[in-house]
2 protein chains.
Amino acid sequence: MSAYIESPSPTHNHDACRTKAIQIADRICAERGVQLTTIRRQVLELIWNSHKATKAYDLLDQMKLVQHSAKPATVYRALDFLLDQGLIHRVESLNAFIGCTCSEQKHEQLLLICLQCHEVEERPGKRVMQAVSKELSQAEFTPHHKAIEIQGICKYCTQSEPNAM
Amino acid sequence: MSAYIESPSPTHNHDACRTKAIQIADRICAERGVQLTTIRRQVLELIWNSHKATKAYDLLDQMKLVQHSAKPATVYRALDFLLDQGLIHRVESLNAFIGCTCSEQKHEQLLLICLQCHEVEERPGKRVMQAVSKELSQAEFTPHHKAIEIQGICKYCTQSEPNAM
DNA sequence: AACTGATATGTTATATTATAACAAATTAGT
DNA sequence: ACTAATTTGTTATAATATAACATATCAGTT
């Protein structure tokens, strides 16, 4: 059973993609005995509406449509939960959030952030992580959290604008 | 002439370190024909007061002591200039800023952020960068900016708390 | 030295992102 | 049903960052 969600592409079946992500989240939370409550699930679903990173206050605006009482804390608490469970990533360089495509693995990922379409691709980057580990050993540095974020232009945007400028 | 500033350590001569950084900045700005004005210089000096990442509003508070008229824009504009010139780095995961130890090279660096002493070490991490480049080629992704930030415990803090807990 | 265009700064206001603190409601386990 | 833990509601405010426009300063030219 593959629980790995494929990378975003203009042609992928995103309905299936999102559905799968939520199903995985349901199972993970059940296994761990933590509660994927209605609010938390709604926030996760909103995040999974696209592969673009979503801002907390955009989530809040959308939450308010279905839940009039939603406040910043409503969203931030849900985000904290989802981050704790590894179901989403925080994109540090954007102050925004994306669904995690590999919630089950212990994962340290590269995030490729397209400046044009704003989609974020998550990649395991095994070789990169090995090199990082080696570098950290040399530095005698004990890592707790790694954020590797590359901003640029993704392959689809490059292809669709071959003569840009 | 070595323009590379060594990594922070509890024992390094930081007065010399800061002085050198400012001298390099002076020279770089002169060479490029850009103005390291009083305000910009003051902000750079404040940032170089330590190897810890400094928050914009902490800089503002310190600026106000010597320049009563200082406002957020005062600081943010100076920061923008310093970032543009590569004289400082923004630490995305902290919303804070550190002096760049290698302003002259075209540089993509790893930032090692100690959660205990809050010092930030900048490392070239050549192997890591090679691996990243390879990964990006595979992904057909054209990079514009790379942020590689590792939070954890630095070697000095590890040494000074061998029996922590 | 005055002129001029570009650059830098002053100033006010506001947008954006995030957390603290405490009360009320809900849930899970007994 | 009882109780402790968890989750949510609510108000307030902290922390980070930018927009917009007026004024001042600087660099190069007359």
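Every chain is numbered from 1 and lettered A, B, ... according to where its sequence line falls, protein lines coming before strand lines.
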Nearest whole angstrom, please: distance from the [atom2] of [N] to the [atom1] of [X].
{"X": "A/Q67", "N": "C/dA25", "atom1": "CD", "atom2": "C1'", "value": "13 Å"}
{"X": "A/L36", "N": "C/dT26", "atom1": "CG", "atom2": "P", "value": "19 Å"}
{"X": "A/D80", "N": "D/dT6", "atom1": "CG", "atom2": "P", "value": "16 Å"}
{"X": "B/N95", "N": "C/dT16", "atom1": "CG", "atom2": "P", "value": "16 Å"}
{"X": "A/E92", "N": "C/dT17", "atom1": "CD", "atom2": "P", "value": "14 Å"}
{"X": "A/Y76", "N": "C/dT17", "atom1": "OH", "atom2": "P", "value": "7 Å"}
{"X": "B/L60", "N": "C/dT9", "atom1": "CG", "atom2": "P", "value": "15 Å"}
{"X": "B/L94", "N": "D/dA15", "atom1": "CG", "atom2": "P", "value": "16 Å"}

Closest nucleotide among [options] to the [X] side chain:
{"X": "B/K71", "options": "D/dT16, D/dG9, C/dT12", "answer": "C/dT12"}
{"X": "B/T74", "options": "C/dA18, D/dT18, C/dG10", "answer": "C/dG10"}
{"X": "B/I39", "options": "C/dA18, D/dT18, C/dT9", "answer": "C/dT9"}
{"X": "B/Q35", "options": "D/dA17, D/dG9, D/dC26", "answer": "D/dC26"}
{"X": "A/K55", "options": "C/dT7, C/dT17, C/dT11", "answer": "C/dT17"}

Which part of the nucleic acid, if any, lies within reach of A/R77 when heavy atoms closer than 4.0 Å are counted: base, sugar-phosphate only, or nothing?
base
Taking 4.0 Å as the cut-off, does a side-chain nitrogen or oxygen of B/R90 come that near to OP1 or OP2 on D/dA17?
yes
Looking at NE2 of B/H145 and CD of B/E108, how far apart are the two atoms once the value is rounded to the nearest 0.5 Å?
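Nearest 0.5 Å value for the NE2-CD distance: 9.0 Å.
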Mapping A/T37 and A/P72 to their closest nucleotides on DNA chain D, which lands nearer the 5' end?
A/T37
Given the options A/V75, A/L44, A/T74, A/I39 meets side-chain contact (heavy atoms from CB on, under 4.5 Å) only with A/T74
Using atom types as modelled and distance alone, determine if a side-chain donor or acceptor of B/R127 lies under 3.5 Å from a backbone N or O of A/K134.
no
Aromatic-base stack, A/Y57 on C/dT17, cutoff 5.5 Å, angle under 30:
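Yes, A/Y57 stacks on the base of C/dT17, since the ring centres sit under 5.5 Å apart and the planes are within 30°.
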What heavy-atom pair brings B/W48 and B/A21 nearest, and what distance separates the two atoms?
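Residues B/W48 and B/A21, closest heavy atoms: CE2-CB, 3.2 Å.
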Is B/K146 close to B/L136 at the side-chain level, that is, under 4.5 Å between some pair of heavy atoms?
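Yes - at least one pair of side-chain heavy atoms lies under 4.5 Å apart.
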Contact nearer the 5' end of DNA chain C, comparing B/S69 with A/A73
B/S69
